[in-house]
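Chain A is the first sequence line, chain B the second, and so forth, proteins listed ahead of strands; every chain is numbered from 1.
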Number of protein chains: 2
Amino acid sequence: MTSEKVIGRLSLYRRLLKSQQALGQSHIYSHDLASLAGNTAAQVRRDLMGIGFSGSPARGYDIGSLIEAICRFLDPPVPQPIVLVGLGNLGRALLAYFPRRRPHLTIVGAFDVDPAKVGRVVMGCRCYAWEDMERIVSETGVEVAVLAVPASEAPAAAIRLVRAGVRGLLNFAPAPLPVPEHVHVENIDLTMSLEKVAFFARRGSAAVAG
Amino acid sequence: MTSEKVIGRLSLYRRLLKSQQALGQSHIYSHDLASLAGNTAAQVRRDLMGIGFSGSPARGYDIGSLIEAICRFLDPPVPQPIVLVGLGNLGRALLAYFPRRRPHLTIVGAFDVDPAKVGRVVMGCRCYAWEDMERIVSETGVEVAVLAVPASEAPAAAIRLVRAGVRGLLNFAPAPLPVPEHVHVENIDLTMSLEKVAFFARRGSAAVAG
DNA sequence: GGGGTATTGTGAATAAAGTCACAGCGTTAT
DNA sequence: ATAACGCTGTGACTTTATTCACAATACCCC
């Protein structure tokens, strides 16, 4: 009932709600949230039903308490540290992209094979030695890693991370990761996405995908 | 029958097949391709059925002709030019990531609001003036754009691109794009993906998503 | 206060995606 | 030759995801 897709949409709803809140709105209808999120009112209502949140027929949903409810549901009870593996162009862009200190998800360090990068602080994030990865990850209890290394390095890095206790990987390398059942892998395959867009741009198709 | 997801998997199959080919293999079984792709043999067979490709019961699929068949299906008949909009950290990383000259999809230029970047060549790609976007895009017949601008700029940029003839957008900005029906938008929402991974890392769930 | 209105919450229906399972067949071994 | 094997191609089925549609509800206006 709380599948992969629902989690993604809840995260999206939260961000949209925050931006509406910043605009001064206090309530929102399923219909309006749906049009911001690019889906249907029925889906919004069902998703919110899934986390047990109720609105009022007259005012819709209270934005403040809805954000709070989504946070309670999505966020870890205690802040969750994350590491970035690979400080190439993409790794640096990701550091710049993610706010230095998200409330509950913080990138606490980076690793790179290049010894020249070790010890340096890039975008406010310190780079540690490649060999120390297992030790640091397991000592600090990191359970989520972002993999931004070349495809050839990705499988080996994933194995090392999993051995050190990682249970979730955000993988930008176009390579299958040989991880055990209990590890969640989210692949972001840029080439695939670009090819999909190019394909559908030629067809007259309308779609919005996460 | 040839849905969004199938297209994504075909693109993935092609890459996996190419790498197997580079390793010297000439044939592959649905079972083996599935394990590379992280799905099931039945799904591989059904996907290939969708593009009308047949293998042999004894040898499986001929890798060379399968790649060719996927190319015929996925690739544009004539090379397709692409523009990158936004030359910040992420834009530069994307230029570095995509091979300078993919066979059928080539990034032919970039745009940025920053006048200091205009005229420069970054990662082998020339940056043009922000104001010239409509003109250049429509004159060169570009139909696909990669949006790597801040969320606040994305909707306006999307509108301008669509007006200039763009029919497909790869959008990295966490903002809904107000585009007409016929324009295909593929959203890559990094924050959402990271939150999903963090969420499932705490559960004991196994999944692979594109 | 009472009727009208617009919205929520949700069971039921529909659609989409993925899996099963088996007939058919080329290959190989005997 | 012929039998046995293991794969593909595919109809039927299962599961998952989404939409429909409507009763229940809170509010507003008169």
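Taking atom NE2 of A:His27 as the reference point, atom C1' of C:dT8 lies 13 Å away to the nearest angstrom. For B:Gln43 and C:dA21, the CD to C1' distance is 17 Å, given to the nearest whole Å. Distance, B:Lys5 NZ to D:dT16 P: 13 Å, rounded to whole Å. Note: CG (B:Asn39) to P (D:dT16) measures 17 Å, nearest angstrom. The interatomic distance linking A:Leu33 (CG) with C:dG9 (P) rounds to 13 Å, in whole Å. Here the C1' atom of nucleotide D:dT16 and the CD atom of A:Glu4 are 13 Å apart, to the nearest Å. For the pair B:Leu48 CG and D:dG9 P, the interatomic distance rounds to 8 Å; values are reported in whole Å. As a whole-Å value, the separation of A:Tyr29 OH from C:dT7 P is 6 Å.
In terms of position along DNA chain D, the nucleotide closest to B:His31 lies nearer the 5' end than the nucleotide closest to the other residue of the pair B:His31 and A:Ser56.
Closest to the side chain of A:Pro57, from the set D:dT25, D:dC7, D:dG9, is D:dT25.
Ring orientation note: the planes of A:His184 and B:Phe200 are close to parallel, at an angle under 30° on the 30°/60° scale.
Dashed line: the shortest gap from a side-chain N or O of B:Ser3 to OP1 or OP2 of C:dA17 is under 4.0 Å. Phosphate proximity of D:dT18 to A:Thr40: absent, as no side-chain N or O sits under 4.0 Å from OP1 or OP2. The phosphate of C:dG9 (OP1 or OP2) has a side-chain N or O of A:Ser54 nearer than 4.0 angstrom. Between A:Tyr61 and C:dG9, a side-chain N or O to OP1/OP2 separation shorter than 4.0 Å is present. In this structure, A:Ser30 reaches the C:dT8 phosphate: one of its side-chain N or O atoms is under 4.0 Å from OP1 or OP2.
Nearest heavy-atom pair across B:Arg167 and A:Ala201 is NE-O, 2.9 Å. The heavy-atom pair separating B:Glu195 from A:Leu74 by the smallest distance is OE1-CD1, 4.3 Å. When all heavy atoms of B:Val179 and B:Ala158 are compared, the closest pair comes out as CG1-CB, 4.2 Å.
Between the side chain of A:Arg46 and the base of D:dT18, no donor-acceptor pair under 3.5 Å is found. Residue-to-nucleotide contacts include no donor-acceptor pair under 3.5 Å from the side chain of B:Arg59 to the base of D:dG6.
Between the CG atom in B:Asn39 and the OH atom in B:Tyr13 there is a gap of 4.0 Å [rounded to 0.5 Å].
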